[in-house]
Colleague: 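Before I ask anything, here is the structure I am working with.
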Amino acid sequence: MNKEYREIEYTVTEADGRLTAGEIMRERLMLSSREVSRCKQFDDGVMCKGMPIRIISELMPGDVLTVRLYEDIENSSEIVPSDEPVDVVYEDEDLILLNKKGDQVVHPSYAHYKDSLSNALAGYYVRTGQEHVMRVIGRLDRETSGLIIFAKNRHSASILSRKNENMSRRKEYLALCNGIFDEKEGTVDAPIERIPGQRMIREVRDDGKRAITHYKVEKEFNDFSLVRLKLDTGRTHQIRVHMSYLGHPLLGDNLYGKEIEDNKGLTRAALHACHLEFEQPITGEKLSFEAELPEDMKTAMRI
């Protein structure tokens with residue numbers, strides 16, 4: 001799967017009429033103007049019948065347009081590969097879906113130069129003979145475990161990024177929340193904003209940005225609950241803030257659940273991205289995935 005380009009073919013139909021190669025690239029293949037311009041830079045970037053063509057060339061029904069999307073790997077930032085294994089849920093030539101462990105940052109930083117998920121994925125690419133720029137779609141907090149997508153090429157990243165908001169609404173989370181809920185199902189519609197003077201901590205505030213979280217209690221234990229959550233918005237720490245606002249902070253949450261006496265052995269906020277639905281960016285195939293609860297959350301439920 002190690003390619004310096006992603007090749008896409010499109011067969012012109014009668015319904016397309018007399019579109020130019022450029023029009024097909026933009027309107028049928030959904031390439032951005034920037035991507036179309038980049039294809040023009042390569043002799044074999046835009047071809048028909050095995051021969052290079054200009055993007056202003058008109059195509060006829062039955063013609064097969066071949067587009068090669070070259071990566072700019074030489075301009076990518078250096079990420080140090082690590083030997084840490086990655087949990088691959090799904091992979092094709094356009095994307096890879098990983099199950100991130102809890103308490104792991106996604107991107108390298110000064111404090112996490114070699115132990116981020118991106119370092120681990122870079123190591124996986126090296127071991128499998130692949131070379132890709134790191135392009136993460138969506139985000140997961142350091143403490144949150146679960147499903148996260150990395151695009152393998154410019155085109156898939158562009159399409160997935162445009163669809164990310166809708167994709168986020170089809171993602172589901174499982175959380176272990178302190179206490180027993182009076183209302184077993186409901187919606188929190190409460191604005192969130194950063195606390196003045198605090199870099200990380202958020203709170204529900206009237207002057208905040210609108211945030212909507214849907215929740216449903218899946219199972220109750222003696223003094224905590226397993227809760228399934230869906231988001232209409234993607235604010236920083238949204239689930240953690242909203243559950244704390246309801247009086248049911250996440251077990252292990254040292255920012256919003258400091259009053260919890262028994263965290264059941266959890267050392268990070270008990271939140272897991274368990275379900276994700278999206279369309280394969282090139283083929284349009286509908287994909288749906290599940291990631292089972294990590295061991296720390298399973299252990300907490302057995303205590």
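Residues take their numbers from the sequence shown, with the count starting at 1.
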Colleague: How about Glu35 and Val67: do any of their side-chain heavy atoms sit closer than 4.5 Å?
Modeller: no

Colleague: Looking at Leu29, is its backbone amide N or carbonyl O close enough to the side chain of His155 to form a donor-acceptor pair, meaning the two atoms are under 3.5 Å apart?
Modeller: yes

Colleague: In the structure I gave you, are the side-chain heavy atoms of Lys258 and Pro249 within less than 4.5 Å of one another anywhere?
Modeller: no

Colleague: To the closest 0.5 Å, what do you measure between OH (Tyr125) and CD1 (Ile79)?
Modeller: 10.0 Å

Colleague: Report the distance from atom NZ of Lys40 to atom CG of Asp43, rounding to the nearest 0.5 Å.
Modeller: 13.5 Å

Colleague: For the pair Asp223 and Lys264, find out whether any cationic side-chain nitrogen is under 4.0 Å from an anionic carboxylate oxygen.
Modeller: yes

Colleague: Less than 4.5 Å apart, any side-chain heavy atom of Asp16 and any of Tyr10?
Modeller: yes

Colleague: Parallel, tilted or perpendicular, judged at 30° and 60°: which one describes the rings of Tyr256 and His237?
Modeller: perpendicular

Colleague: Kindly give the heavy-atom pair with the smallest separation between Pro281 and Asp94, and that separation in Å.
Modeller: CG-CB, 4.3 Å

Colleague: So, do Arg235 and Arg202 sit near enough that their side-chain heavy atoms are less than 4.5 Å apart?
Modeller: no

Colleague: Should the heavy atoms of other residues, nucleotides or ligands under 6.0 Å from CE of Met301 be counted, would the total exceed 12?
Modeller: yes

Colleague: Below 4.0 angstrom, N of the basic side chain to O of the carboxylate: do Glu23 and Arg28 qualify?
Modeller: no

Colleague: Specify the closest pair of heavy atoms between Gly234 and Arg139, including all atoms of both residues, with the distance to one decimal.
Modeller: O-NH2, 2.7 Å

Colleague: Would a distance-only check, ignoring hydrogens and angles, find a side-chain to backbone donor-acceptor pair under 3.5 Å from Gln280 to Thr283?
Modeller: yes

Colleague: Are Phe289 and His275 close enough that their ring centres sit under 6.0 Å apart?
Modeller: no

Colleague: With a 4.0 Å cut-off on N to O distance, would you call Glu292 and Lys298 a salt bridge?
Modeller: yes

Colleague: Are Val88 and Val106 connected in the hydrophobic side-chain network, where two residues link if heavy atoms are under 4.5 Å apart?
Modeller: yes

Colleague: Do the side chain of His132 and the main chain of Leu95 share a donor and acceptor less than 3.5 angstrom apart?
Modeller: no

Colleague: Any sub-3.5 Å donor-acceptor pair from Thr144's side-chain atoms to Leu140's backbone N or O?
Modeller: no

Colleague: Would Leu271 and Met243 show up in the same hydrophobic cluster when neighbours are defined by side-chain heavy atoms closer than 4.5 Å?
Modeller: yes

Colleague: At what distance, to the nearest 0.5 angstrom, does CZ of Phe150 lie from OH of Tyr124?
Modeller: 13.0 Å

Colleague: So if you build clusters from Ile, Leu, Val, Met, Phe, Trp, Tyr with side-chain heavy-atom gaps below 4.5 Å, do Val105 and Val86 land together?
Modeller: no

Colleague: Anything under 30° is parallel, anything over 60° is perpendicular, the rest tilted; go ahead and classify Phe221 against Phe224.
Modeller: parallel

Colleague: What's the verdict on side chain to side chain contact (heavy atoms under 4.5 Å, CB included) for Leu98 and Asp87, showing C-alpha distance, side-chain angles and the deciding distance?
Modeller: CA-CA 6 Å; Leu98 302 179; Asp87 184 356; over 6 Å; no

Colleague: Quick one: does Asn119's side chain have a donor or acceptor within less than 3.5 Å of a partner on Val80's backbone?
Modeller: yes

Colleague: Assess the residue pair Leu59 and Cys48 against the criterion (side chain to side chain contact (heavy atoms under 4.5 Å, CB included)); give the C-alpha distance rounded to whole Å, side-chain angles, the decisive distance to 0.1 Å, and a yes or no.
Modeller: CA-CA 9 Å; Leu59 300 180; Cys48 183; 4.1 Å; yes

Colleague: Please give me the minimum heavy-atom distance between Ala190 and Val204, naming the atom from each residue.
Modeller: CB-CG1, 3.7 Å

Colleague: Does atom CD (Glu14) have a neighbourhood of more than 12 heavy atoms from anything else shown, all under 6.0 Å?
Modeller: no

Colleague: Please check if the number of heavy atoms outside Lys184 that lie under 6.0 Å from its NZ is greater than 12.
Modeller: yes

Colleague: Counting C-beta onward and ignoring hydrogens, is there a side-chain heavy-atom pair between Glu183 and Tyr215 closer than 4.5 Å?
Modeller: yes

Colleague: Would you confirm whether Ser57, through its side chain, and Thr20, through its main-chain N or O, come within 3.5 Å as a donor-acceptor pair?
Modeller: no

Colleague: Looking only at atom types and distance, does a side-chain atom of Ser37 sit under 3.5 Å from a main-chain N or O of Ser33, one as donor and one as acceptor?
Modeller: yes

Colleague: Under 3.5 Å, is there a donor-acceptor pair between the side chain of Asn263 and the main chain of Gly252?
Modeller: yes

Colleague: Does Glu27 use its side chain to pair, donor to acceptor, with the backbone of Ile24 at less than 3.5 Å?
Modeller: no

Colleague: Are Leu176 and Ile239 co-members of a hydrophobic cluster defined by side-chain heavy atoms under 4.5 Å apart?
Modeller: no

Colleague: Gln130 and Thr128: side-chain donor and acceptor closer than 3.5 Å?
Modeller: yes

Colleague: Using the side chain to side chain donor-acceptor pair (under 3.5 Å) rule, take Arg154 and Ser158 through it: C-alpha gap first, then chi angles, then the decisive distance, then the call.
Modeller: CA-CA 6 Å; Arg154 298 163 59 94; Ser158 175; over 6 Å; no

Colleague: Between Phe42 and Tyr5, does the ring centroid distance fall short of 6.0 Å?
Modeller: no

Colleague: Any chance you could measure Leu251, atom CG, to Thr267, atom OG1, to the nearest 0.5 Å?
Modeller: 12.0 Å

Colleague: More than 12 foreign heavy atoms under 6.0 Å from OH of Tyr90: is that the case here?
Modeller: yes

Colleague: Give the intermediate values and the outcome of side chain to side chain contact (heavy atoms under 4.5 Å, CB included) for residues Lys171 and Leu147.
Modeller: CA-CA 9 Å; Lys171 179 183 284 189; Leu147 298 171; 5.6 Å; no

Colleague: Would Thr187 and Thr213 count as a side chain to side chain contact (heavy atoms under 4.5 Å, CB included) here? Give the steps.
Modeller: CA-CA 6 Å; Thr187 297; Thr213 304; over 6 Å; no

Colleague: Let me know which of Lys101, Arg240, Lys100, Arg268 forms a salt bridge (charged side-chain N to carboxylate O under 4.0 Å, His left out) with Glu143.
Modeller: Arg240

Colleague: With a 4.5 Å cut-off on side-chain heavy-atom distances among I, L, V, M, F, W and Y, is there a chain of contacts connecting Leu231 to Leu246?
Modeller: yes

Colleague: Within a reach of under 6.0 Å around CD of Gln41, are more than 12 heavy atoms found that belong to other residues, nucleotides or ligands?
Modeller: yes

Colleague: Between Asn99 and His272, which heavy-atom pair has the shortest distance, and what is it?
Modeller: OD1-CE1, 3.7 Å

Colleague: Is a side-chain donor or acceptor of Asn153 paired with a backbone partner of Ser156 at a separation under 3.5 angstrom?
Modeller: yes

Colleague: Check whether any side-chain heavy atom of Leu97 lies under 4.5 Å from a side-chain heavy atom of Ile148, and answer yes or no.
Modeller: no

Colleague: Out of curiosity, Arg68 CZ to Cys39 SG, how far, rounded to the nearest 0.5 Å?
Modeller: 11.0 Å

Colleague: May I ask you to say whether Glu91 pairs ionically with Lys152, meaning some side-chain N is under 4.0 Å from a carboxylate O?
Modeller: yes

Colleague: For the salt bridge (charged side-chain N to carboxylate O under 4.0 Å, His left out) test, which of Arg210, Lys209, Arg205 pairs with Asp207?
Modeller: Arg205

Colleague: Does a donor on one side chain sit under 3.5 Å from an acceptor on the other, for Gln238 and Thr233?
Modeller: yes

Colleague: Rounded to the nearest 0.5 Å, how far apart are CD1 of Ile212 and CZ of Arg169?
Modeller: 8.0 Å

Colleague: Under 4.0 Å between a Lys/Arg side-chain N and an Asp/Glu carboxylate O for Glu277 and Lys286?
Modeller: no

Colleague: Between Ile53 and Met47, is any pair of side-chain heavy atoms under 4.5 Å apart?
Modeller: no

Colleague: In terms of side-chain heavy atoms, does Gln104 have a donor or acceptor partner in Ser116 at a distance below 3.5 Å?
Modeller: no

Colleague: Less than 4.5 Å apart, side chain to side chain, heavy atoms only: is that true for His107 and Val136?
Modeller: yes

